[in-house]
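Working notes for the structure below.
Values below: all heavy atoms of this structure, side chains included; hydrogens, waters and symmetry mates excluded.
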Amino acid sequence: MASSQSALLLLFLQSVTVLAQSDRGPLNTHLPPWVTLGAQVRFRAEGLTGAGFKEGNNQGYLLERYRLDLGLQPLGWLGVFGEFQDSRAAHRPHPDAGIKDRADIRQAYVRVGREDGWWDVKAGRQRLAFGSERVIGAGEWGNTARAFDAIRVGVHHKKDRIDFFSSSVVVNSTDTWDHHKDGEDLHGVCGSFGSWLAGAKVEPYLLRRTGLNRSWTYGLRTAGTAGPNWSYELEALGQKGHEWAGTAQVRRQFSDLPGKPTILGEANYASTNLDQLYPTNHGIYGVADQIGRRNTQNLRSGLWIQPRKWLTLKGEGHYFWLANARAGLYAASGALTVPAVAGGASHTDVGPEVDLLAELRLSRHYDIGAQFGHLFPGQFLKERNAGVGRTFCALFLDVHL
């Protein structure tokens, strides 16, 4: 097992020098222009302490993800895309389908129409991601990531587009073919209008989820720049029963300083029974991945620097509280991780988290990175879990041909 991993890793690293000589990469050198091959391998070593806020629940393991994709475009208005994925976990007993999904089809769709024209249609298994992915995202940090069986119709012109889609999220399986869950559907319309405000996008959306967790979600997001050094993101969404969530983020870059440092400030709120839908959570709510959006309020701050074009360093801080003392703490998946206190908790502070991240992009074809995060228990966790915090660390190599 170890020798085969080393051989595969060496093969990908040796390919990097060849990749620099061709825009299409070595896999496509002798192929016609209407055929495109791609491949990716990612190794990530992870370590956890205090998993599930339980004393002594420590883990260390290696995640592997292999992808091979094929694109065919015989005509300008007609294309086919397929992506094979194999995800595995070494040294972790009883891995679930969130990290292990052997030999399966992640994407397989037909596209009719043109992205640079007025319309296009994609039908089949595909990624869905909108805005900053706080509501619907692909969850690429996850070892299996997320896909949908969907039909998506895009109407677009220059800076403006509207997407109509009907979908069902694919449920991963460790050893059998993945399939969506019948009756658990997500339908929606999402707009992105870049011509309405100078330097900004305005993104309204309306979503309908069916099945056991049925809900209507309506929201508006806008993100853009204000001058050469300021950028922002604002989002508000609502659901039936007075459930709502909001985000406000501001960034300031100091482009005249070494490393072009950027400082970030962000505030989030989500009510007690919010349906989180299908977000990309990692990083937004801390790299320790212990906190979901539902029933939380939090502040986020950060300092990002880029001392070299190929090196990015980030330091971030978070502080989490319960939005409602009579409800519990929820994970990114929407699952309840710490139950509600009968009669209401006497404290709502979940605690602060400190994150450190580094990424080296030495080539457009491979990335090396490291992440560290520690969630310090606040009074709510101390009363409910004997004060156990959570530490997460990861080292990764991502090579894509």
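- Summarising the local packing, NZ of K201 is surrounded by 12 or fewer heavy atoms from other residues, nucleotides or ligands at distances under 6.0 Å.
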What pairs of donor and acceptor atoms, side-chain ones from residues 371-380 against any protein atom, are under 3.5 angstrom apart with sequence neighbours left out?
unit_1: Q371; atom_1: OE1; unit_2: H282; atom_2: NE2; d: 2.8
unit_1: H374; atom_1: ND1; unit_2: R390; atom_2: O; d: 3.3
unit_1: H374; atom_1: ND1; unit_2: T391; atom_2: OG1; d: 2.5

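- For the residue pair Y61/Q59, the side-chain donor-acceptor check at 3.5 Å is not satisfied.
- Remark: the R67 side chain and the Q85 side chain contain an N/O donor-acceptor pair separated by less than 3.5 Å.
- Under the 3.5 Å distance criterion, with hydrogens and angles disregarded, a donor-acceptor pair is assigned to the side chains of N268 and T247.
- Judged purely by distance below 3.5 Å, without hydrogens or angles, the side chains of R294 and N273 pair a donor atom with an acceptor atom.
- D160 and S195 form a side-chain donor-acceptor contact under 3.5 Å, judged by distance and modelled atom types alone.
- A salt bridge links R361 with D367; the closest basic N to acidic carboxylate O contact falls under 4.0 Å.
- Side-chain N/O atoms of S255 and N229 include a donor and acceptor closer than 3.5 Å.
- For D178 and S173, the side-chain atoms include no donor-acceptor pair closer than 3.5 Å.
- Here K181 pairs with V171, E184 under the side chain to side chain contact (heavy atoms under 4.5 Å, CB included) rule; sequence neighbours left out.
- Every residue was checked against the side chain to side chain donor-acceptor pair (under 3.5 Å) condition with Q297, not counting sequence neighbours, and none meets it.
- Listed here is the closest heavy atom pair of N295 and T272: OD1-OG1, 3.6 Å.
- Y205 and E235 are linked by a side-chain donor-acceptor pair at a separation below 3.5 angstrom, with hydrogens and angles left out of the test.
- Within 6.0 Å of the CG atom in L212, the count of heavy atoms belonging to other residues, nucleotides or ligands does not exceed 12.
- Using a cutoff of 4.0 Å between basic side-chain nitrogens and carboxylate oxygens, E266 and R134 are scored as salt-bridged.
- Exactly one of Y232, W304, W230 qualifies for a side-chain contact (heavy atoms from CB on, under 4.5 Å) with R251. That residue is W304.
- Between the side chains of E359 and T312, no donor-acceptor pair is found at a separation under 3.5 Å.
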